[in-house]
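First comes the structure, then the notes that go with it.
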Amino acid sequence: MSALANKNQKKELKEVKKFNLRKYREYNKMMRKKRVPESEYLTKMKNPENIIEFDNLQSYFYTDVGTVKAVDGVSFDIPRGKTIGVVGESGCGKSVTSLSIMRLLQGPQGQIAGGEIRFNQQSTGRVLNLAKASIKEMEKIRGNEISMIFQEPMTTLNPVFTIGDQLCECISLHNPQMNKKDVEQRALETLKMVGIVREGILKNYPHELSGGMRQRVVIAMALACDPQLVIADEPTTALDVTIQAQILDLLRELKNKINASIMLITHDLGVVAEMADYVVVMYAGRVVEQGTADDIFHHPAHPYTIGLMKSRPMLNQKVDRLYSIPGNVPNPVNLPAHCYFKNRCESCVEACSGAYPAMISLSETHKVSCHLHREAGAAVRQAGGAKKQTGGKQNVQ
Amino acid sequence: MKQYIIKRLLISILVLFGVSILLYGIAHMVPGDYVSNISSGNQNITPEMEQRMREAYGLDKGPVEGYISWLGDAIRGDFGTSFVYKEPVTSIIIKYMPATLALAGISMVLELLLAIPLGILAARRQYSFTDYTIVAIAIVGISLPSFFFAAVLKRVFAIGLGVLPISGMVTARANFTGFALFADMAKHFVLPVTVFVLTSMGSYLRYVRTNMLEVLSADYVRTARAKGLPERKVIAKHAFRNTLIPIVTLFGSMIPALFSGAVITESIFALEGLGNIALKAVYAGDIPYLMGFNMFIAALTLIGTLVSDVLYAVVDPRVRY
Amino acid sequence: MKRMRQALALLLSVAMLTALTACGGGGDQKSNEGGNEGDSNANTTQEEGNETADNEEDNSTEKESGGTGTYDTLVIGVQPLDGVFSPFFYQSAYDDQVNSLIFESICELNPDGELVDNCGHVEVKEEKAEDGSTKYVYTVSIKEGMTFSDGEAITIDDVLFTYYVYADPSYDGMSTFATLDIDGMADYVNSEKPLWKAISEAGKENTDFTNWTEEQQTKFWEDLDVAGAAFAQEIVDAVIAGQEEGAENPIQEGDVKGAAASWGFELADGATTLDFFNAMVEQYQGDLATLSDTETAGSSLADLLGETYTQMVALSDVNEIRGIQKVDDYTCTITFNSPNISADKQVAWTSIMPEHYYGAGFSKGNLDSVKEKNTAPLGSGAYVFESYDNNIVSLTANPNYWAGEPKIPNIKVQTVNEEDKVDLVLNGEIDVTDPSASTEIIEQLEAETDKASYTLVDNPGYGYIGINAERVPDLNVRKGLMHLMNRAPAISSYYGELGAVIERPMTPTLAEYPDDATEYYGYDPAKALEYFKAAGYEEKDGKLVKDGEQLTITVGIGDSATHPSTPILTQMANDMEAMGAQLVVNDMQFNILNTEMTGGNLDMWVMAWGNATDCDLTQIFGSKGGSNYQRYSDPKIDAIQAEILKTIDFDERCKLVAEELDMIMEAAVYMPVYQRKNMEIYNATTMNLDTLPEETTTYYNYSKEIETLEMQ
Amino acid sequence: MEDLQERNQLEQDEFEQNQVILTPGQLVAKRFFRNKLACVGLGIIIVMILFCAIGPFISPYGEYEIFYINSTTGEEVRMKEDSVGGSDMGINVKAPISSAHWLGTDADGRDVMTRLMYGGRISLFVGIIVVAIELVIGVLMGGIAGYYGGAVDMIIMRLVEIFNSIPFIPLMLIISSVLFASGVKPQHKIFWIMGIMGVLYWAGVARLVRGQILSLRELEYMQAAEATGIRTSKKILKHLIPNVMPIIILIATMDIGGVILTESVLSYLGVGIAWPFASWGNMVDVVKQSVILKNYINIWLPPGICILLTVLAWNFIGDGMRDAFDPRMKR
């Protein structure tokens, strides 16, 4: 019996490998293609007010044990000039979503398998599907129109180049018309903006700076070219608490100073509450709830969101024990057909064993993917007669 | 930095001292007494003559006495006179060094020139056909003894096809001068260098590949990409500079390997270099030369290690001495 | 730091550039050269060759590859040179090959190995001396009007200088000139001795106190008693310590008589160690040096005497050898005290060395200035030394050569590997070389006769297996071992036509070799077992034992993987194992085998002798012979050897030699194995083979007529 | 509510059952066997070991048995027979491939196939023993240096430098000359050579192990272990050794191949495994005779292939091990 199972398992593994190999080959072929005709990636925004629209994004990792669907059918929008918070446990696909925008998934294992990421490029007035755009196009966008702040300031800076080298590299790359002096001037300005005013900072190596300083440099690098969208991927996780506060202050300050959208990825609900206009809650590679900060914090609808809120320590509440959601995230390789949260859910109903729940609008801005709210959603639909829904596709506004 | 180098040099001298004791002790145990060697084939040599020769070569001294007198001379730069060549050891080393240095130097540069780009290429294309091919060739190269490669290459290219000379350093028949001589010598070096490169490139290549793989998955490489740097530049600047760090540490260990390898390669291709002579010296019991040669390489190795440590500081700003 | 980095970058790029140009250059050269060598007559390749030559701006290449098709350089392939190009101090035969081109000797060997005139002449005359003894006077003369390659005239003084260097007390080269019994030679060579030797040799009654005082002498004899007693004590201790546990009559502590008896000396009861020592002195007839060397049980007598007696004393200031006299500018005489069949070769088959060049700074006992010229030889031979680098010795024709300027303008002597020799000739890289012959090489050469030709001559030496008679003292055991050597199949399959089994330990190239000798010990394991049993060995539990010890023989062989005698040992080991005995085979590097053999640490060894020029076997088989590694001495052999050396009549000598060889065979210490052929191959595409000597023998090859050799 | 809990429990169990928890060892093994090349390597080694261990029992010939041939009848005669003394006997050298000699005979008239089996025993054995010795010394010295630091470290590291500065081949040549003279019996020489190679190689291992231990000491859990005040022996046994194991296993697999090559080079230089014993190294060194290289491919190619495959296999295994332990681990 077990031998048979073993055999089956082996056969399966073999097939996985074969499949992966095909995927890798496809990927390498795509990467090697020098020119991608514009028509393949030009598209239209659903709402020109948005800067980014995720439409059924699927980012998979083809590993030896099987395909890991890290992001599976995520759809939400980032409006221009707004801050959007993406929350969820580690491994829920937040970072993969952000890396997908930049097309920085570690290939050939990690690839965007489907869906669109529509980017409203202001400088050219075009709308690009970033999931398909040519690498050339991406290189123009990266660091220039969309920039990213990573979570580990210790390792995100190259240890063998000076701060100046790394900062100026970014500026001169996207502003070829600037001469060396201007670039340096600009670098210093940006540094000043993030609160670093120090003699000879440009000549310093990363290891000569403290963690907070380094994170400021990383932020400066992200802001150096006046991006339209800044993706901050857990910018404070790796820092001391006091430094965290400083960096958050800085981000909040910058939010007002620059005219850019911010996609803030974090598992810290407090940060989101303070900064975000909109919140997206992700679980196991899918969006389970989305809405304005007010919707999510004051009227959480999805049991998972509720759990998250409960597990937050409150200053003015006395509890014996902090709440924690029981159970574990399901195995990302073999995801069940039913709602992924079912095993951990305290308020399961009959329907939960059925198909994965569709997105349900609770209000104009508030959407949730849970069988508990089927009726409520229907009510809204009837009342508002609002937009049509297809599959799990949803818009924030 | 200066202080560090001085300290290292002092330690190196200490180490050299230890090396010399070890070497002298072992060399002195060698039974192949030079005098009995040269006299045994000659029917007419009498025991008295042998004794006289032994005294002349200083072979009648004990190990401690011998070592002290050797050390005393060595400190003054006198490593004695080679039994076989009847010339001061230092001048023999100087005379035969160019061939070995040329062989070892060119091989080393070529090894690095091939190992680094190929290693990077393999890492970039991990799990691709290119990757597998490069790694397979590299591993086959380090899976066969060098003399085997040498014999086969010689058979194919020199004897079979006749496109390259079989052995030696220059074409004896032609009196080449100037550039022609240089070209002629280069031609004679093609096979030995190929053997060298084939048989040792593999380990460096794998080393580069592993390091590159690690660097490629590093956060700062992602950062560089996120800045919008073209992939070429990401690899050439950000990744490469970081792979360089472990590579320079290889520098020190390459030198003894090269010289040890030179012993074999030089003897197969009849190149008159230090290694070939060392082989002869072992067979003939030429203790002064052996001591001089081994000390020379030990010193070179220590210098190599020092240089690689200094280079380490050059390529990695985090390292400060 | 920044500057350092830049420097590094610069350095690296320079290195790369060099490597690249080197490779590029190599590649270009390749194609041209290949074409040139492949077919030097085709017009197209000729043009290519010309182009190369033009580009290279090199005269000699142009000459070589330009239309005429002639070669001006002969390339001789030799095995690694030591670079000691001096007839005085060379050690390798290959260095000597170079020397023979640069230096010219007075007389030479003809194809039959007889000494004939070259640029000089030697003759011998018996003379009665005043004291009634017979002296043998050799008169050496050289041609008049010869010059060295630098134009300096050659006179007999150069010859005398050569003799004096060979005879110098500090001489450490290969020549044994200093051991010849030339009148006054001993006084000249041994003019210095350690004090203790000098006093002891002078004897107790000595009254000549020029070199030491009377007190010193008396003190010495007193000290000698003390040291002698200590010397004997050491032996006694060694004997007692060395006896086996539980021997029947153990020698008690302090029993000098017993110990001496086991050492081979009969003493009276209650003898002291001093008595023991005196007994030894008596046996050695006062020759303390030999006594000390042979009997010692650890310390030498000199050690025990102390440092005062080891200092050297000059016995006399002899600055000339009485027996060597200059007659005129071109003649000299050498007077021998005793007859010596090889004396003519010793005095006349020697290179003439320019005194004006090598003699500067030479004084008795100091050869440093002569040695300094080791790498820059100058002589009167056919060729002049130019340089030695990149593995190649460059020589040019000597216009002053006495027999006329050689026809080939340049000779290059290149060191090559033994394994590459044939291919190098076939590829056209070298012209003449001497690979070790094998049937496969012959086959290969026969298939390409248009490219190379070869000659085969007998090697003036032979391979043998020796047995140490001290370690294997029982004649029956030695004979048994001899009967286990199955030589014929091994030699026939290794050498084929190129070697033959020989039956007596002397090279058959010598005229005195008894050609009618028959097999002395045939391969016969049954007979061997009989001999072992006769020696007292018995079979016990499948083992051949005597006194509880298994018959075990240790044999040494060098480079067994390619040795012709290897199968003999394999078979022997197998047969001995079947009998219950053991053959321990040690595969050693040649130099170690040598040391072990000379040190007497092997029961049996496989070796070869080379370069024999006369039938004097005293060094090998004489009881005092320096190469008597089998450690077997027989007064009868000594006597017959002495007889042979004095027998000038050839037929008589042959008879004696045959008798001597039979005696040696009977002693079962030497098993002659093979006599092989030496091979020389010549490049047929570059050399004019018609100009090679008509007859090539062991003693005569192309280099003897190098001046008339021509290229194509 | 209870119902829900029960159900949850059930599903949780199911979940855990699906998600097989593997021990680190199993994980390594699993990753190792997923590497195809490593499996091929392991296969080659097993085949080679079987070939060399069992082969000699099957082969009808001895390791150094020579074969005679009657030159008139062409009949082959074995060494043990009485007729080998006959006058028309020659040795059956360099015989071609035949049913009696599957790979022919070598230049001394011995069966190549049989020698290949015996030679493999020696080559594989040398590789494993040398590595074992270098590991024992290297781990001990490196461990002491890394663990105690200070003056001990200083002295050991200087020793390491001394051993690193000596060119291996010239030294090995000298040492094996010494060996001959010290009266080592030929059948024991191999053990001496293994011992000496092990002793000469320890320095590299010591440096790696020391480095590893130094970096381990910096790790949090080590400091935590120290803070809890556990005994030194326990600290070494439970924390240091298991963490040094991967690097030790890596060195072992990588070096075995290298040692096999070195043995062949020593044989080539005439100081390796002594006659009459066979090793792949001394069998393949006949390539230096161009006559054999050219005409008798059956003599030199089989041992060459055996060396190539074996060293290749060890390399594959080493690579597989490295990837299995930690895909990012460097040497």
Side-chain angles (χ1 to χ4, degrees), chain B residues 31-33 36-38 40-47 49-50 52-53 56 84-87 99 105-106 109-110 113 158-159 162-180 182-187 189-190 267-268 270-272 276 280 283-285 311 314, chain C residues 1 4-5 8 15-16 19 22-23 25-26 28-30 33-34 37-38 56-58 60-61 64 71 73 75 80 82-84 89 91 170 172 174 176 179 371 374-375 390-392 412 414-417 420 423-424 427 429-430 589-592 594-596 598 609-610 612 619-620 626-627:
Chain B
D33 177 340
S36 62
N37 248 330
I38 56 172
S40 70
N42 191 330
Q43 301 179 3
N44 300 322
I45 284 186
T46 60
M49 285 174 70
E50 275 191 38
R52 221 169 54 203
M53 279 154 80
V84 175
Y85 297 94
K86 316 255 179 290
E87 267 186 84
I106 292 174
V109 171
L110 277 183
L113 277 185
I159 299 170
V163 289
L164 288 169
I166 295 172
S167 66
M169 307 219 299
V170 292
T171 306
R173 195 185 304 288
N175 281 308
F176 288 128
T177 49
F179 182 74
F182 178 74
D184 187 45
M185 285 182 117
K187 193 174 78 176
F189 269 73
V190 171
S267 79
I268 293 174
L271 302 176
E272 205 81 327
N276 200 356
K280 259 169 78 186
Y283 293 146
L311 280 182
V314 174
Chain C
M1 192 50 90
M4 218 160 138
R5 250 176 262 167
L8 182 77
M16 287 174 200
C23 295
D28 288 343
Q29 195 65 15
K30 228 182 289 174
E33 200 71 22
E37 275 167 12
E56 282 154 5
E57 299 174 348
D58 188 87
S60 64
T61 349
E64 179 203 323
Y71 294 88
T73 305
V75 185
D82 293 345
V84 182
F89 298 109
Q91 240 115 36
S170 68
D172 57 358
M174 299 284 277
T176 52
T179 60
K371 286 183 182 174
N374 279 354
T375 50
N390 292 332
N391 256 346
I392 293 166
K412 305 265 183 175
Q414 183 175 18
T415 62
V416 298
N417 285 339
D420 295 333
D423 294 315
L424 282 165
N427 264 25
E429 287 181 44
I430 59 173
Q589 281 165 38
F590 179 75
N591 61 326
I592 297 161
N594 233 328
T595 320
E596 296 295 286
T598 52
W609 285 116
Q619 285 300 329
I620 306 178
S627 306

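In the text below, chain A, chain B and the rest are named by the order of the sequence lines, each starting its count at 1.
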* Structure fact -> When every non-hydrogen atom of C:Asn391 is compared with those of B:Met169, the smallest separation belongs to ND2-CG, 4.2 Å
* **Distance (rounded to the nearest 0.5 Å) between C:Asp82 CG and B:Lys280 NZ** => 5.0 Å
* Side chain / backbone / both / neither for B:Ala99 at chain C, heavy atoms under 4.5 Å -> neither
* **Residues that C:Asp420 engages under side chain to side chain contact (heavy atoms under 4.5 Å, CB included), provided they are two or more places apart** => B:Lys154, B:Ile166, B:Ser167, C:Asn417, C:Leu424
* CD of B:Glu272 to CD1 of C:Ile392: how many Å apart, nearest 0.5 Å? -> 10.5 Å
* Asked: How far apart are the closest heavy atoms of B:Gly168 and C:Gln414, and which atoms are they?
  -> CA-NE2, 3.9 Å
* Would you check if the side chain of C:Asn427 reaches a backbone N or O of B:Ala158 as a donor-acceptor pair within less than 3.5 Å? => yes
* Nearest atoms (heavy-atom pairs only) where C:Glu429 meets B:Pro165 -> OE2-CA, 3.3 Å
* B:Ser267: what forms a side-chain hydrogen bond (donor to acceptor under 3.5 Å, both in side chains) with it, not counting sequence neighbours? -> none
* To do: Could you look at C:Asn390 and say if it's the side chain, the backbone, both or neither that has a heavy atom under 4.5 Å from chain B?
  => both
